[in-house]
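Notes follow the structure.
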Amino acid sequence: MSKRFLAAAAAALLAAAPAAAQGTLAIVGGRVLTMAGPAIEGGTVLIQGGRIVAVGVGVAVPAGARTIDARGKVVTPGFFESATQIGLVEVGNVDETNDHRQNDDDHVAAAFDVRDGLNPSSIVIPVTRIAGVTTAVTRPDGGLIAGQGAIIDLTGVNVDSMLVRAPVAMYASLGEASKGAGGGTRAGATMLLREVLDDARTYARNRQAFERNQFRPLAASRLDLEALQPVLAGRIPLVIDVNRASDIRAALSIAREFGIRVVISGGSEAWMVADELARANVPVVVKVLQDLPETFEQLGERYDNAAILRRAGVKVAITTLDTHNARNIKQEAGNAVANGLPYEEALKAVTLYPAQIWGVADRYGSLEVDKVANVVVWGGDPLELLTPVEHVVIHGREVPLVSRETQLRDRYLHLNDATRAYPQAAGAQTQQ
Amino acid sequence: MKRALSALVLAAAGCAHAGAKPASQPAPAKAPAPVAEAPFPSTYRPFPSTPTVIRGGTVMTAAGQVIAGGEVLMVDGKIAAVGQHVSAPAGAAVVDATGKFVTPGIIDVHSHLGVYASPGVDANSDGNEATSPVTANVWAEHSVWPQDPGFVRALENGGITSLEILPGSANLIGGRSVVLKNVPSRTVQGMKFPGAPYGLKMACGENPKRVYHSRGPSTRMGNVAGYRAAWIEAAEYRKKWDDWEAQGRPADKTPTRDLGLETLAEVLRGHILVQNHCYRADEMAQMIDIAHEFGYHIRSFHHGVEAYKVRDLLAREGIGASLWADWWGFKMEALDETNANLAMVHQAGVRAIVHSDDPGGIQRLNQEAAKAMLAGRQAGIEVSDNDALRWLTANPAWALGIDDKVGTLEVGKQADVVVWSGSPFSVYSRPEKVFIDGALLFDRLNPSRQPTTDFETGLLPAEAQR
């Protein structure tokens with residue numbers, strides 16, 4: 001594929017985008033995996049105004065609609081990554097570009113909300129979406145309570161146009177990562193978490209006394225205690241990064257005591273407590289490709305964690321737990337299949353189940369009428385490593401399959417310094 | 001090179017007991033050359049095997065041929081025959097590989113298994129002797145813990161049969177690497193690949209200058225000054241010993257040994273292969289100039305996120321490129337990544353190698369190769385299955401100097417063979433059987449052929465076992 005062709009294609013797509021958003025897009029003839037029923041062979045997905053307006057065989061395509069020929073292709077909802085720091089971490093080791101944690105010494109940072117630090121121009125966004133990931137949770141970490149995360153669609157020029165739901169959840173951790181908050185012990189950390197939740201509840205009942213400075217000291221700042229109210233009210237879940245089976249049980253206890261919703265993230269040893277998680281209706285966000293006793297809280301880590309959890313009836317979302325390579329979520333899902341998770345379940349674990357876990361299944365997660373038109377056309381099995389992404393549609397618009405990664409590639413398809421460093425001048429010349 | 005090495009090994013065998021304490025011996029006319037000693041010799045012996053024929057699978061030799069329904073015969077630990085049909089001796093064990101794929105064992109040129117073992121607690125952190133920017137005197141094998149569960153995972157999920165364990169990248173010159181056969185063993189000596197040359201770990205860029213920031217080097221120019229100072233010393237040391245050698249090893253003039261300079265001198269003599277951690281294109285060019293200045297050769301650049309930018313230079317210099325399929329963004333020098341890196345360097349005639357540098361990644365180098373194949377295709381570079389397999393087998397074998405022994409399914413080579421459940425480039429495929437020197441060291445279908453480690457013995461409560 002030539003550089004010129006790509007540039008022209010990108011330009012055409014960009015030029016067409018505003019019109020297409022107002023108009024109609026029809027993805028025709030593909031094998032449509034809706035996540036809401038059996039596969040539809042030769043189906044059409046019809047999109048208008050950024051929403052799906054029809055899905056099925058023999059859907060009439062209005063005259064003048066832009067059409068994507070998906071014959072021989074596979075059509076799925078855009079993949080949904082449940083644990084990234086996209087827009088918050090640009091270059092890992094360059095602190096100046098990191099906005100995912102407030103303060104290493106601040107163990108309780110509930111009021112920290114990633115939203116205001118989100119960078120919609122992050123180079124990670126195009127890299128990720130051209131791999132078929134259209135929606136991602138981007139989240140804080142660090143300390144005992146890290147703050148609030150958001151769901152973003154991987155398109156847009158400003159944060160507001162990307163936000164799907166914010167805050168989507170409050171983030172905490174139990175185990176080795178947060179022992180420090182508890183004076184160096186697990187029990188100290190759970191004690192502090194309980195104290196903060198209890199004080200948040202107490203604070204809500206005594207706001208006036210607190211404002212008049214007529215109340216005892218509380219375990220966290222006013223803003224932190226306010227930020228925890230949606231958790232106590234059950235409007236957002238408390239996501240707990242936790243790996244050891246006993247720490248997961250501690251998380252379940254806290255959920256019961258405070259009547260809050262909990263999501264387990266990481267959960268290396270979650271398979272050991274699968275039945276308890278199922279009974280408590282607590283979902284787990286799993287990275288599949290972990291199978292080493294990397295720490296003493298991950299001794300039971302294994303590739304079939306997701307498969308065992310699913311068999312026990314636990315709702316599972318699959319994640320890369322990565323930012324720059326959140327694009328590899330399909331590899332995680334494919335490996336889950338290789339390790340016993342049924343194929344349909346693996347696909348749902350990167351589409352429908354995340355949408356359900358994060359409370360946006362009314363708009364996301366499947367190809368159904370009225371849902372947001374985030375759609376990917378794949379050259380074959382979406383989970384196979386040799387399958388290319390052919391079209392990515394976000395909010396009803398096709399995005400160009402271009403990122404800084406592909407642009408650097410194209411810039412170096414030829415090694416001549418003159419044509420590379422002055423590409424516009426080179427465009428006028430014959431390519432070497 | 002190969003001859004020099006075997007000479008070294010022979011010489012070492014001949015004087016295994018001599019020269020341990022040259023000074024205290026009754027003065028011989030000729031002192032033994034200390035560099036010819038072979039301390040820590042390999043005690044590896046192949047596991048027991050029976051003649052085995054693998055039938056019915058797609059045999060990917062990594063030597064050009066892909067034989068549908070082909071056959072591989074292993075006898076006495078060696079590949080005895082490969083072809084559409086081979087005649088197997090009576091009584092040979094038969095492996096039915098119908099519907100499966102047969103490849104050479106996978107080789108990782110960049111691993112820290114054993115030196116950064118699981119669990120990754122401080123007590124197991126033995127990969128960086130970060131006490132001085134030049135520690136050519138240390139040997140990775142003295143840090144390798146053979147009970148690292150990562151070795152077993154690499155075998156059963158990655159089909160890894162040989163691997164190079166390197167010191168980390170904190171130092172400009174990090175020390176000697178060691179090449180291992182991925183077999184269960186109580187000692188690292190029991191894993192050492194017989195006859196494999198040593199490697200020398202060098203590192204460019206951000207890591208050394210960050211680690212030594214307070215006392216230097218703290219800049220890339222400081223890094224380069226550090227390498228050059230080390231090589232100047234090494235050249236002098238080598239000359240001192242070579243002169244002594246030329247004088248007939250006069251016992252009263254035996255130069256003083258220096259472990260670090262001894263290793264560097266062996267690099268200058270071409271006996272130890274330089275494995276150079278380096279991300280940026282411009283730094284690779286600098287390292288090549290340093291190699292020219294001091295007359296050594298860089299065998300392979302490792303990580304090489306920007307290798308595609310200087311692929312012509314790497315091809316001209318005959319330097320391998322050991323790369324990831326898609327790692328990027330974790331630091332400044334890893335920013336200019338393209339997934340087409342492997343395919344682009346391959347197309348330019350560079351020996352492309354998929355490496356891991358990671359106990360997870362080593363379990364799926366085949367999958368990483370598949371991603372890089374796709375990226376190549378999207379850049380208009382079609383990479384054949386045979387060539388992509390060579391990224392995992394023959395090319396890493398070359399980078400480690402063991403390509404005369406392993407890396408392809410060719411008659412006479414060591415029978416390191418993986419039977420995959422499907423195409424090695426499919427996400428759904430897993431090693432089903434792994435043979436090392438003809439011995440079945442892993443069988444997914446037979447629990448009695450699934451190795452375990454001391455560390456994981458009795459680690460989980462019985463009620464948690466599934």
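So that the names make sense, note that chain A is the first sequence line, chain B the second, and so on, each numbered from 1. No hydrogens, no waters, no symmetry mates; every other heavy atom, side chains included, goes into these values.
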Checklist entry - Just checking, is any N or O donor in the side chain of A:Thr295 or A:Gln298 under 3.5 Å from an acceptor N or O on the other one? => result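 Yes, A:Gln298 and A:Thr295 have a side-chain donor paired with an acceptor closer than 3.5 Å.
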
What part of [X] lies closer than 4.5 angstrom to a heavy atom of chain B: side chain, backbone, both or neither?
X	value
A:Val94	side chain
A:Asp304	neither
A:Thr97	neither
A:Val124	both
A:Gln290	neither
A:Asp322	neither

Item to check | Winner by heavy-atom pair count (cut-off under 4.5 Å) against chain B, out of A:Thr323, A:Asp381, A:Leu299, A:Asn339 | outcome: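 The option with the most such pairs is A:Leu299.
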
Checklist entry - So which of A:Val337, A:Asn328, A:Asp291 has the biggest tally of heavy-atom pairs under 4.5 Å with chain B? => result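 The residue among A:Val337, A:Asn328, A:Asp291 with the greatest pair count is A:Asp291.
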
Checklist entry - Ring centres of A:Phe79 and A:Trp378 under 6.0 Å apart? => result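 Yes, the ring centres sit under 6.0 Å apart.
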
Checklist entry - Do B:Glu432 and B:Arg444 sit within salt-bridge range, that is, some charged N less than 4.0 Å from a carboxylate O? => result no

Checklist entry - Can a salt bridge be assigned to the pair B:Arg153 and B:Glu456 using a cut-off of 4.0 Å between side-chain N and carboxylate O? => result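 Yes, this pair counts.
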
Checklist entry - salt bridge (charged side-chain N to carboxylate O under 4.0 Å, His left out) between A:Arg186 and A:Glu297: does it pass, once the steps are laid out? => result CA-CA 11 Å; A:Arg186 284 177 157 77; A:Glu297 60 186 7; 2.9 Å; yes

Checklist entry - In Å, rounded to the nearest 0.5 Å, how long is the span from CD of A:Glu269 to CZ of A:Arg249? => result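 A:Glu269 atom CD to A:Arg249 atom CZ measures 10.0 Å (nearest 0.5 Å).
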
If you count heavy-atom pairs under 4.5 Å with chain A, which of [options] comes out on top?
options	value
B:Ser426, B:Gly120, B:Ala340, B:Gly360	B:Ser426
B:Ala117, B:Ser429, B:Pro149	B:Pro149
B:Leu335, B:Asp336, B:Val121	B:Asp336
B:Lys331, B:Glu206, B:Arg311	B:Arg311
B:Phe330, B:Trp327, B:Phe455, B:Phe425	B:Phe330
B:Gln367, B:Gln347, B:Arg210	B:Gln367

Checklist entry - So A:Arg327 and B:Glu337, salt bridge (charged side-chain N to carboxylate O under 4.0 Å, His left out) or not? Walk me through it. => result CA-CA 14 Å; A:Arg327 57 184 172 175; B:Glu337 182 264 354; 3.4 Å; yes

Checklist entry - Hey, does the side chain of B:Asn223 reach the backbone of B:Gly205 with a donor-acceptor pair shorter than 3.5 angstrom? => result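 Here the side-chain-to-backbone pair exists.
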
Item to check | CA sep, side-chain torsions, deciding dist, call: A:Lys179, A:Glu176, salt bridge (charged side-chain N to carboxylate O under 4.0 Å, His left out) | outcome: CA-CA 5 Å; A:Lys179 267 157 54 81; A:Glu176 292 179 10; over 6 Å; no

Checklist entry - Heavy-atom distance under 4.5 Å to chain A: side chain of B:Met332, backbone, both or neither? => result both

Checklist entry - So what's closer than 4.5 Å to chain A heavy atoms on B:Asn157: side chain, backbone, both or neither? => result side chain

Next on the checklist: Could you walk me through whether B:Arg280 and B:Glu306 satisfy the salt bridge (charged side-chain N to carboxylate O under 4.0 Å, His left out) test, starting with their C-alpha distance in whole Å, then the side-chain angles of each, then the deciding distance to 0.1 Å, before giving a yes or no?
Outcome noted: CA-CA 5 Å; B:Arg280 250 169 46 179; B:Glu306 296 187 3; 5.2 Å; no

